[in-house]
Amino acid sequence: MKKSTTKDELFLLKLYELASKLGSPEEEVDRFAIGRAIGQNDKGVNTIAKHLAQANFVKKGSGDSLYLTPHGIRLVEQIRQER
């Protein structure tokens, strides 16, 4: 049985996808652009970003940008395999 994807996981998957389109999964992406892409409001985006940063899946880039850590990239690859 496939487990449902959490908002945090959706956020990471979208960050990975958008960053990869820019050239590499480690590229910085605006967190609010990620939020809009998954239908999340700004308050929700800030909460998700804070949780993911505390868990060391993302790091803050310049301005409102985030980027995946190696730990975050491994998690995304694991989620993608499970889908």
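Along the sequence shown, residues are numbered consecutively beginning with 1. Remember, it's a predicted structure, so these values are computed and weren't measured experimentally.
Under the 3.5 Å distance criterion, the side-chain polar atoms of Gln81 are left unmatched by any main-chain donor or acceptor of Gln78. Of the possible donor and acceptor atoms, none in the side chain of Thr5 sits under 3.5 Å from a partner among the backbone N and O of Leu10. Between the side chain of Glu28 and the backbone N or O of Ser62 there is at least one donor-acceptor pair closer than 3.5 Å.
If you take CG on Asp8 and CG on Leu52, they are separated by 4.5 Å, rounding to the nearest 0.5 Å. The line from NZ of Lys59 to OG of Ser65 is 15.5 Å long, rounded to the nearest 0.5 Å. Taken from NZ in Lys50 to OG1 in Thr47, the straight-line distance is 6.5 Å, to the nearest 0.5 Å.
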Check the pair Glu17, Lys14 against salt bridge (Lys or Arg N to Asp or Glu O under 4.0 Å), reporting the backbone distance first and the verdict last.
CA-CA 5 Å; Glu17 179 190 319; Lys14 187 54 72 174; 3.3 Å; yes
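At a threshold of 4.5 Å between non-hydrogen side-chain atoms, the residues Ile38 and Lys7 do not count as touching. Side-chain contact between Val58 and Leu12 is present, with at least one heavy-atom pair separated by less than 4.5 Å. Counting heavy atoms from C-beta on, the side chains of Asn46 and Lys43 never come closer than 4.5 Å. No side-chain heavy atom of Arg31 sits less than 4.5 Å from a side-chain heavy atom of Ile48.
Contacts classified as ring-ring contact (aromatic ring centres under 6.0 Å, His included) and involving residues 8-56 (residues at least two apart or in different chains) are not found. Among residues at least two apart or in separate chains, ring-ring contact (aromatic ring centres under 6.0 Å, His included) pairs with a member in residues 53-83 are Phe57-His71.
Among all heavy-atom pairs drawn from Ala49 and Leu66, the shortest one is CB-CD1, 3.9 Å. Of all heavy-atom pairs spanning Ile73 and Glu26, the tightest one is CD1-OE2, 3.5 Å.
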